[in-house]
Amino acid sequence: MSKQAKVIVALDYPDQRAAMRFVETVSPQDCKLKIGLQLFVAEGPEFVRHLSAAGFDVFLDLKFHDIPNTVAAACRSAAALDVWMMNVHCLGGRRMMQQAKQALASQDGRAPLLIGVTILTSHQPDEINDVGLCGDLPDLVGALARQAVQSGLDGVVCSPWEAATLRQQLGNDTLLVTPGIRPASVDHGDQRRVMTPARAIRAGSSYLVIGRPITQSQDPAATLRQINQEIAQVLEIGRENT
Ligand code: C5P
């Protein structure tokens, strides 16, 4: 069976043992897996290789942001881990994004998808101004997303609230990966601009990054199943209407 999963589960666990308690309850057809800073710093590249070898699509979410040469080298190292997707910060600039993409294209075999982080979904408009970025949040996100695509990236990470506009601006070939997803009844945590899974898919998200609503639920595998059903319904209705 091909891996059609739209949900990328954020494995924001302290260590491999805790992460594996969840991973052992799901299959690569149910979800993709995201390894972020917490787990990567704790367990290193071996655990990434382990999950890829088990057949999971792994999104290595380390949000590289450094000089172009360093980021390109880090991308080559990440590609060697057989990851499905990885990311850089768009604020690193065009040259950094271009060199990152070129570094991956020069790899033999399957190059990972490369996406750009526009503005973190935990940010509120006043925080953006505090760090010296001027202008409206949506304009800023749009400008960064366009730069990412012009630099050759496969897509961007964005808030689901930006997905509909970005889908229009960037077309259907650009991946929109959206964190900040919360099923209707769940606590928002530190995410500010949140949306339900069904609504995010309808808005044009390609993949949904979901962490705590799944990993901290009483029965994570069952919560994932429920979310997958909700998404399948939306996609089914979409197919019927085309
Ligand atoms: O627990 P929650 O569903 O909020 O997890 C969201 C995940 O998405 C976290 O791993 C976080 O690091 C990540 N993320 C995000 N905003 C971005 C990029 C990644 O929340 N812009």
Side-chain angles (χ1 to χ4, degrees), residues 5-15 18-19 22-23 31-43 47-48 51 56-65 83-92 97 113-125 127-128 131 133 137-138 140-142 144-145 148 153-163 166 174-201 203 205-218 220 223-224 226-228 230-231:
K6 294 279 184 194
V7 174
I8 305 173
V9 177
L11 294 180
D12 294 329
Y13 290 104
D15 55 34
F22 167 74
V23 173
C31 63
K32 302 174 189 304
L33 301 174
K34 180 173 89 68
I35 295 195
L37 290 167
Q38 182 184 17
L39 198 50
F40 190 79
V41 169
E43 298 293 353
F47 188 47
V48 179
L51 294 177
F56 283 96
D57 283 340
V58 177
F59 171 18
L60 189 62
D61 177 23
L62 300 182
K63 301 184 181 71
F64 294 146
H65 186 176
V83 297
W84 161 73
M85 178 183 273
M86 54 180 295
N87 60 2
V88 297
H89 262 289
C90 297
L91 287 170
M97 291 191 277
L113 295 166
L114 183 64
I115 59 172
V117 176
T118 53
I119 300 289
L120 296 173
T121 47
S122 55
H123 273 319
Q124 291 183 302
E127 291 175 323
I128 302 295
V131 296
L133 293 172
L137 196 59
L140 212 49
V141 169
L144 289 169
L153 268 54
D154 300 291
V156 292
V157 182
C158 62
S159 159
W161 289 97
E162 289 138 12
L166 289 179
T174 302
L175 297 176
L176 300 180
V177 178
T178 58
I181 303 294
R182 291 291 177 271
S185 56
V186 160
D187 177 44
H188 289 186
D190 57 357
Q191 296 282 15
R192 290 287 170 262
R193 296 174 290 143
V194 300
M195 202 181 263
T196 65
R199 199 159 167 205
I201 291 287
S205 297
S206 314
Y207 296 105
L208 312 182
V209 174
I210 311 181
R212 289 162 290 183
I214 292 175
T215 57
Q216 292 184 11
S217 77
Q218 283 213 322
T223 304
L224 174 62
Q226 220 171 353
I227 292 172
N228 278 339
E230 189 178 326
I231 293 170

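Values below: all heavy atoms of this structure, side chains included; hydrogens, waters and symmetry mates excluded. When a ligand or atom number is given, it counts from 1 through the structure's own listing order.
Residue R212 has at least one heavy-atom neighbour below 4.0 Å for each of these atoms of ligand 1: 1 (O), 2 (P), 3 (O), 4 (O). Those atoms of ligand 1 with a heavy atom of K63 less than 4.0 angstrom away are 12 (O), 18 (C), 19 (C). Those atoms of ligand 1 with a heavy atom of G211 less than 4.0 angstrom away are 1 (O), 2 (P), 3 (O), 5 (O).
Under the 30°/60° scheme for interplanar angles, the aromatic rings of H65 and H89 are found to be tilted.
Heavy atoms of R182 approach ligand 1 to within less than 4.0 angstrom. Under a 4.0 Å heavy-atom criterion, P213 is in contact with ligand 1.
Under 4.0 Å from ligand 1, the heavy atoms of D12 that appear belong solely to its side chain.
For the pair S206 (side chain) and L176 (backbone), a donor-acceptor distance under 3.5 Å is present.
To the nearest 0.5 angstrom, L140 atom CG is 9.5 Å from E162 atom CD.
The side chain to side chain donor-acceptor pair (under 3.5 Å) test applied to D154 returns K101, not counting sequence neighbours. The side chain to side chain donor-acceptor pair (under 3.5 Å) search around K32 returns D57, not counting sequence neighbours.
Within a 6.0 Å sphere centred on CD of Q226, heavy atoms belonging to other residues, nucleotides or ligands number 12 at most.
Of the N or O atoms in V209, none lie within a sub-3.5 Å distance of an N or O in ligand 1.
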